[in-house]
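All values below were derived from every heavy atom in this structure, side-chain atoms included, with hydrogens, water molecules and symmetry-related copies excluded. By convention in this document, chain letters (A, B, ...) are assigned in the order of the sequence lines, proteins followed by strands, and residues within each chain are numbered from 1. None of these values were measured; they are calculated from a predicted model.
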Amino acid sequence: MENSTSLVGWKRSHHLNELNISHNNQTVILMGWVQNRRDHGNLIFIDLRDREGQTQIVLDPAYAEEAHKLGEGIRSEFVLAAKGQVRPRPEGMINENLATGKIEVLVKELKILNACESLPFQIQSQIEAGETIRLKHRYLDLRRPSVKSNIMTRIKFVKAMRKALEDQGFLDIETPTLYKSTPEGAREFVVPSRINPGDFYALPQSPQLFKQVLMVAGFERYYQVVKCFRDEDLRADRQPEFTQIDCEMSWEEAEGIMQAMESAVSQATTELTGKNINSPFPKMTYSEAMENYGCDKPDTRFDLHLINISKIVASSDFKVFSGAINTGGIVNCIRIPKGGQFTRKDLDELTEFVQLHGAKGMAWAKIQEGEGADSWQSPFSKFLLDTVIDEINQLSGAEPGDLIVFGAGSYKNTKASLAALRLKLGEKLNLYDEHQLNYLWITDFPLMEKDERGKMAALHHPFTAPRPDDIPLLETDPEKALASAFDLVLNGNEVGGGSVRIHDQELQKKVFRAIGLTEEEAESKFGFLLEALKFGAPPHGGLAFGLDRLIMILTGEKSIREVITFPKTNKGTCLMTNAPNKVTGEELRDLHIRVHKLESE
RNA sequence: GGGGGAGUAGUUAAGUUGGUUAUAACGCCGGCCUGUCACGCCGGAGGCCGCGGGUUCAAGUCCCGUCUCUCCCGCCA
């Protein structure tokens with residue numbers, strides 16, 4: 001038998017998850033990788049794996065001598081084609097863990113289509129190699145069933161989303177990737193223009209303005225599964241290029257947009273997980289979320305609310321509290337049921353943790369039987385009146401055995417640190433079901449906020465419409481104006497952001513003015529939008545889903561790198577291709593670019 | 001830009017107070033084995049202890065620097 005590595009006339013008949021007892025006696029041709037080889041001296045068993053599954057093939061020298069001879073040289077991840085006959089496994093030899101475990105294929109003819117060197121790591125779900133080596137050999141990593149299944153989940157979800165959106169009349173329309181630089185918000189990736197010396201394109205942070213223009217163009221409903229780019233530092237849930245399912249629709253107010261989006265994402269989630277999810281999704285206003293959870297993306301799978309006690313302790317003798325309030329800050333606390341058992345070490349750890357998130361410290365009180373100061377075992381109970389302590393106990397619902405922790409300071413730091421603490425406690429105390437999926441809408445965001453330099457900036461983006469009632473505030477008290485904006489939150493992660501857009505040119509100009517853009521700046525950055533709005537722009541709005549994060553949560557992964565085929569490292573490099581890299585002087589000359597010599601060179 | 005963790009065989013890890021030839025599992029190589037399925041049994045090879053410097057009679061271990069991976073803060077309209 002000639003053992004060519006090409007297929008010459010061989011055609012695969014089945015995937016490796018397909019065969020069962022009903023195929024008994026059929027002659028089949030299988031192709032795949034060697035997951036495992038068990039050589040019994042005479043009989044050789046090979047687990048052959050393809051993208052769908054695994055099937056055991058048997059090499060028996062008594063049946064096919066040549067195939068068996070070839071089998072002796074076969075190693076892990078060799079690529080094989082096997083022609084043979086399906087037969088039931090002998091009594092007691094059934095593998096219940098395998099879809100094809102009731103049968104095996106007795107090989108008549110075998111082809112080694114390719115060999116494989118000894119592997120840098122084993123192709124098994126349960127063996128976790130380091131990330132460096134995994135990313136360097138991502139093609140091997142992707143062979144591992146666990147990683148492959150994440151990618152398959154992603155494909156399935158996107159397919160379901162496309163169907164749900166197209167059923168609602170959304171059209172898949174492409175927008176440019178070479179876009180215009182509009183420095184505002186996230187740092188952009190820029191691309192030099194060879195034909196226009198000194199000019200640059202930017203890669204889009206989102207196709208926001210193009211999709212709005214598509215509404216002006218009359219497409220009415222648009223969607224796109226689209227790459228977006230932000231040149232910011234990476235995180236477990238942030239990559240410099242990421243994918244959005246980007247949607248925009250005309251003739252709808254906030255409610256209609258949310259309904260359409262919720263319907264799509266709940267359908268897709270249900271189809272993917274087979275679980276009944278909590279649609280209609282609950283809604284919570286931004287201010288409620290901040291008040292009770294300290295952040296705009298609360299994980300509602302567990303309680304542990306933040307409790308505002310600013311008023312109660314404003315005039316107390318405890319300087320940490322009264323001082324915070326006198327300087328315009330707040331005092332919040334969290335009641336931790338059964339938290340009284342925390343040791344000094346636990347409390348120190350929690351204190352250190354809140355300090356990482358901007359808090360100055362963490363006050364605490366263990367609750368015991370009694371009233372007033374007697375009910376608290378706490379380093380600072382002596383500074384508080386009995387009535388104050390009773391009031392805090394009552395407001396928080398604290399019972400003996402509980403712990404109350406306190407944060408005091410600026411609004412921002414206190415909320416942020418207690419929000420982080422809340423999440424940590426939720427995890428530490430096992431307060432929620434990991435597999436639960438809690439979608440939640442956050443609504444009524446502020447339209448704009450002051451940044452650290454006191455400059456007004458759009459919270460969402462500057463094309464977000466204010467709530468109609470709040471338009472007059474733009475000129476008097478813009479910080480108070482609320483936006484027709486809404487975020488979709490899943491288990492404490494922002495997985496979508498949307499809004500009604502401004503379709504009125506004058507209103508758009510007003511908003512640009514309110515965030516401090518001069519007419520000239522507005523014109524040079526967004527002139528084309530203002531222009532388009534003059535020509536019959538319909539009311540419209542939309543939302544973009546963060547696909548990577550959604551899939552991360554739906555697969556239960558801790559990092560979006562696990563659901564992206566070729567992710568970048570924390571330094572934005574690709575370990576497989578070694579991007580980014582230097583370009584030649586000639587290329588730079590063509591692009592009219594000179595690179596400063598770095599000191600290290 | 002800042003803080004934490006990690007880097008030892010192909011891989012994952014152990015390595016005590018600084019002290020003989022740096023361990024183990026899996027993988028790899030060779031041999032045996034007709035019913036295994038993470039097969040089994042016997043044998044073997046495999047090390048720039050990330051890199052550079054320092055302290056010391058002696059460094060995987062201590063100190064300084066540096067690189068890479070990772071988590072977080074800042075940043076992410």
(request) Give one of base, sugar-phosphate or nothing for N97(A), where a contact means two heavy atoms less than 4.0 Å apart. (result) nothing
(message) Regarding H460(A), tell me which of base, sugar-phosphate or nothing describes its non-hydrogen contacts under 4.0 Å with the strands shown.
(response) base
(message) Nearest to the side chain of R235(A), heavy atoms from C-beta on, is which of C72(B), U36(B), G10(B)?
(response) C72(B)
(message) Check for me whether the distance between the ring centres of F486(A) and F445(A) falls short of 6.0 Å.
(response) no
(message) Is it the case that the side chains of K415(A) and N332(A) hold a donor-acceptor pair, with the cut-off being a distance below 3.5 Å and no angle test?
(response) yes
(request) Determine, for Y201(A) and K180(A), whether the Lys NZ or Arg CZ falls below 6.0 Å from the six-membered ring centre while staying within 45 degrees of the axis. (result) no
(message) Using a distance-only criterion (donor-acceptor N/O pair, under 3.5 Å, no hydrogens), is the base of G35(B) paired with the side chain of R87(A)?
(response) yes
(message) Work out how far the P atom of G5(B) is from that of C63(B), and round it to whole angstrom.
(response) 12 Å
(request) Using the C1' atom as the reference point in each nucleotide, state the distance between G60(B) and A22(B) in Å, no decimals. (result) 8 Å
(message) Rounded to whole Å, how long is the line connecting atom CG of D39(A) with atom C1' of G30(B)?
(response) 13 Å
(message) OP1 or OP2 of C69(B) versus the side-chain N and O atoms of T569(A): is any pair under 4.0 Å?
(response) yes
(request) Tell me which nucleotide among C29(B), G35(B), U70(B) gets nearest to the side chain of M93(A). (result) G35(B)
(request) Quick one: label L119(A) by what it contacts on the DNA or RNA (base, sugar-phosphate, nothing), any heavy atom closer than 4.0 Å. (result) sugar-phosphate
(message) Is N570(A) close enough to C71(B) that one of its side-chain N or O atoms is under 4.0 Å from OP1 or OP2 there?
(response) yes
(request) When you get a sec, tell me which of C37(B), G27(B), G30(B) is the closest nucleotide to the side chain of R89(A)? (result) C37(B)
(message) Between C42(B) and A25(B), how far apart are the two P atoms, rounded to whole Å?
(response) 12 Å
(request) Whole angstrom is fine here: how far is it from CZ in R134(A) over to P in U70(B)? (result) 11 Å
(request) Classify the nucleic acid contact of P90(A) as base, sugar-phosphate or nothing, counting any heavy atom under 4.0 Å across all strands shown. (result) base
(request) Pick the P atom in A77(B) and in U17(B), then give their distance to the nearest Å. (result) 49 Å
(request) Look at all strands and tell whether L459(A) reaches a base, only sugar-phosphate, or nothing, counting heavy atoms closer than 4.0 Å. (result) sugar-phosphate
(request) Whole angstrom is fine here: how far is it from CD in Q122(A) over to P in C26(B)? (result) 10 Å
(message) For a 4.5 angstrom cut-off between non-hydrogen side-chain atoms, does V79(A) reach C116(A)?
(response) no
(message) If you count every heavy atom of other residues, nucleotides or ligands that lies below 6.0 Å from E65(A) atom CD, does the total exceed 12?
(response) no
(request) Could you give the distance separating G65(B) and C71(B) at their P atoms, to the nearest angstrom? (result) 25 Å
(message) Under a 3.5 Å cut-off for both contacts, is C41(B) paired Watson-Crick or G-U wobble with anything, and if yes, with which nucleotide?
(response) G31(B)
(request) Compare the minimum distances between each of C37(B), A77(B), U11(B) and the side chain of A129(A), then state the nucleotide with the smallest one. (result) U11(B)
(message) I'd like to know if R561(A) and E131(A) make a salt bridge, using a cut-off of under 4.0 Å between side-chain N and carboxylate O.
(response) yes
(request) Report which part of the nucleic acid I44(A) touches: base, sugar-phosphate, or nothing (heavy-atom distance under 4.0 Å, all strands). (result) nothing
(request) Sticking with atom C1', work out how far U56(B) lies from C67(B), rounded to a whole angstrom. (result) 26 Å
(request) Would you please indicate yes or no on a ring centroid separation below 6.0 angstrom for F229(A) and F242(A)? (result) no
(request) Between G15(B) and C49(B), how far apart are the C1' atoms? Round to whole Å, please. (result) 10 Å
(request) Please state the C1' separation for the pair U55(B) and C64(B) - nearest whole angstrom. (result) 11 Å
(request) Specify the separation, in whole Å, of atom CD of Q355(A) and atom C1' of C72(B). (result) 15 Å
(request) Quick one: label Q56(A) by what it contacts on the DNA or RNA (base, sugar-phosphate, nothing), any heavy atom closer than 4.0 Å. (result) base
(request) Between C76(B), U68(B), C71(B), spot the one nearest the side chain of R230(A), thanks. (result) C76(B)
(message) As a test of reading the structure: which of C69(B), A77(B), U34(B) is closest to the side chain of Q208(A), going by heavy atoms?
(response) A77(B)
(message) Over all strands shown, is E104(A) touching base, sugar-phosphate only, or nothing at heavy-atom distances under 4.0 angstrom?
(response) base
(request) Please determine, for G74(B), whether a Watson-Crick or G-U wobble partner exists with both distances under 3.5 Å, and give it or none. (result) none
(request) Would you please determine if the base of U36(B) is stacked by F45(A), with stacking meaning a centroid separation under 5.5 angstrom and planes under 30 degrees? (result) yes
(request) Could you please name the option among C75(B), U36(B), C69(B) that lies closest to any side-chain atom of R238(A)? (result) C75(B)
(message) Below the 4.0 Å mark, does C69(B) have OP1 or OP2 next to a side-chain nitrogen or oxygen of K571(A)?
(response) no
(message) So, does R38(A) get its side chain near the phosphate of C33(B), meaning an N or O under 4.0 Å from OP1 or OP2?
(response) no
(message) In terms of relative ring orientation, are H357(A) and F353(A) parallel, tilted or perpendicular, with 30° and 60° separating the classes?
(response) tilted
(request) Ignoring the backbone of H461(A), work out which of A77(B), C75(B), U11(B) is nearest its side chain. (result) A77(B)
(request) Among U70(B), G35(B), A77(B), find the nucleotide with the atom closest to the side chain of R561(A). (result) U70(B)
(message) Just the rounded figure in Å: distance from P of G4(B) to CZ of F353(A).
(response) 17 Å
(request) Assess the side chains of R143(A) and Q124(A): does a donor N or O sit below 3.5 Å from an acceptor N or O? (result) no
(request) Using a heavy-atom cut-off of under 4.0 Å over every strand shown, decide if G92(A) touches base, sugar-phosphate, or nothing. (result) nothing
(message) For a quick check of understanding: with a heavy-atom distance under 4.0 Å over all strands, which category does T573(A) fall into, base, sugar-phosphate or nothing?
(response) sugar-phosphate
(message) Rounded to whole Å, please give me the gap between CG in L421(A) and C1' in C72(B).
(response) 15 Å
(message) If you only use heavy atoms from C-beta on, which nucleotide in G74(B), G30(B), C69(B) is closest to the side chain of D233(A)?
(response) G74(B)
(message) Tell me the interatomic distance from L423(A), atom CG, to C73(B), atom P, rounded to whole angstroms.
(response) 11 Å
